[in-house]
Amino acid sequence: MKTYDYLIVGSGLFGSVFAQKAKEKGKRCLVIDKRSHTGGNIHCKNKNSILVHEYGAHIFHTDNEEVWQYVNRFTKFNHYINSPLAKYKGQLYNLPFNMNTFNKLWGVNTPQEAKLKLEEQRRPYVHLVNPVNLEEQALKLCGEEIYRIFIKEYTEKQWGRPATELPAFIIKRLPFRFVYDNNYFDDPYQGIPIEGYNSLISNLLEGIEIKTDVNYFQNRPYFDNLADKILFTGCIDEFFNYEYGCLEYRSLRFEHELLDIEDFQGNAVVNYDESAIPYTRIIEHKHFQFGKQPFTVITKEYPQSYHADNEPYYPVNDQKNTQLFNLYKERASSCPDKLFGGRLAQYAYFDMDDTIAAALKLAQREFYK
Ligand SMILES: Cc1cc2nc3c(=O)[nH]c(=O)nc-3n(C[C@H](O)[C@H](O)[C@H](O)COP(=O)(O)OP(=O)(O)OC[C@H]3O[C@@H](n4cnc5c(N)ncnc54)[C@H](O)[C@@H]3O)c2cc1C
């Protein structure tokens, strides 16, 4: 008999939810992570009592009742509502596009006036029936002014390529709201864990054996012999030794600063839309927790190309990479004692609620089949 029923590679949200369900079913689990902490990308660092989202701002939101009930067993959420701002050439605008944005942009006051103005902006681009790139797609959806201020330079910074060379599918639709409402998400449930994301992860992993600073690939034969089954939540191309080639990603660099002032920007999230500013956002973490400290911590997010020394954040889900991923997926399906899950193994951008839902679904298949 092997030492464990399951070896779980990766203590991010996917691995932690799966481990919790496995333990509930009486399975013997070991969770390993190559980082020095658990939680993967939702991990926060406590800087002088401010919880800093080390790997980018994380706001929990969902319309999935089951996920909301599940996650509330392990943490309680505050009433934070995400209402980001966008800054362009010294002006601040509310997001998502709503009556506050239209009022600032065009001086319109009523939904009727805003809709007429938007139609007028779109009119020159109605001929773009099948947009061939992101620029055409955006112009068709919102016209010149919104495209120029909010989309072009920000998206080019984010992806490191001109909008005319980016695929149209990146912007499927643009949410326009004709009410004075700055709540970014439509979901009925939203918030930040009152005790922080680390408490959510440690509650999920309570009573489960964990080893951090341990990379599965550094001793693969040993780990393969340790458990009957392995759940792998790392990069799927790495798991198969890049047999078919490397999957592409976009990365980020985070610059954290502790400032000796009470409040830097009066809001948790401010996007910087213009290309002259190298970062895409500034996050002021205390606002996620309604912090009252006399100091503050901010983080600037700089988009980067992905290479061996930084983190893979955003998958490039174009045709080439999708085909490549499908080859790995096919390969994975022929490994009966291996399970694959999470954003890296599934090569997908998943919000946290989707990650939890997918881990619960996998656990359901494994333990209640
Ligand atoms: C910048 C950014 C902002 C985001 N903001 C939001 C948001 O506001 N709201 C929202 O709902 N979602 C957000 N998300 C999505 C959210 O981060 C994911 O849904 C979630 O973290 C995915 O969890 P995971 O377990 O799949 O992956 P991860 O958190 O990446 O966990 C995988 C773990 O596996 C470990 N690992 C990998 N390879 C090995 C190995 N060989 N050996 C040992 N360990 C290994 C890694 O160290 C890592 O800890 C954001 C994502 C990004 C990139």
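Any value given below was found using the heavy atoms of this structure, including those in side chains, with hydrogens, waters and symmetry copies removed. Just so you know, ligand 1 is whichever comes first in the structure, and atom 1 is the first atom listed for that ligand.
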- Can you check side chain to side chain donor-acceptor pair (under 3.5 Å) on Glu330 and Tyr244, steps first, answer last? CA-CA 12 Å; Glu330 181 71 31; Tyr244 307 116; over 6 Å; no
- Message: Checking Ser275 against Glu153: is there a side-chain donor and acceptor pair closer than 3.5 Å?
- Response: yes
- Message: Does either side chain, that of Thr299 or that of His285, offer a donor lying less than 3.5 Å from an acceptor on the other one?
- Response: yes
- Can a donor-acceptor pair be found between the side chains of Tyr147 and Glu135 at a distance below 3.5 Å? yes
- Have His61 and Asp186 got a donor and an acceptor in their side chains that come within less than 3.5 Å? no
- Message: Tell me whether Glu165 contacts the main-chain N or O of Pro162 through its side chain, where contact means a donor paired with an acceptor under 3.5 Å.
- Response: no
- Message: Students should find this: residues with any non-hydrogen atom under 4.0 Å from ligand 1. What is the answer?
- Response: Val9, Gly10, Gly12, Leu13, Phe14, Asp33, Lys34, Arg35, Gly40, Asn41, Ile42, Tyr55, Ala57, His58, Ile59, Val214, Asn215, Tyr216, Phe217, Thr233, Gly234, Leu252, Tyr313, Tyr314, Gly342, Arg343, Tyr349, Phe350, Asp351, Met352, Thr355
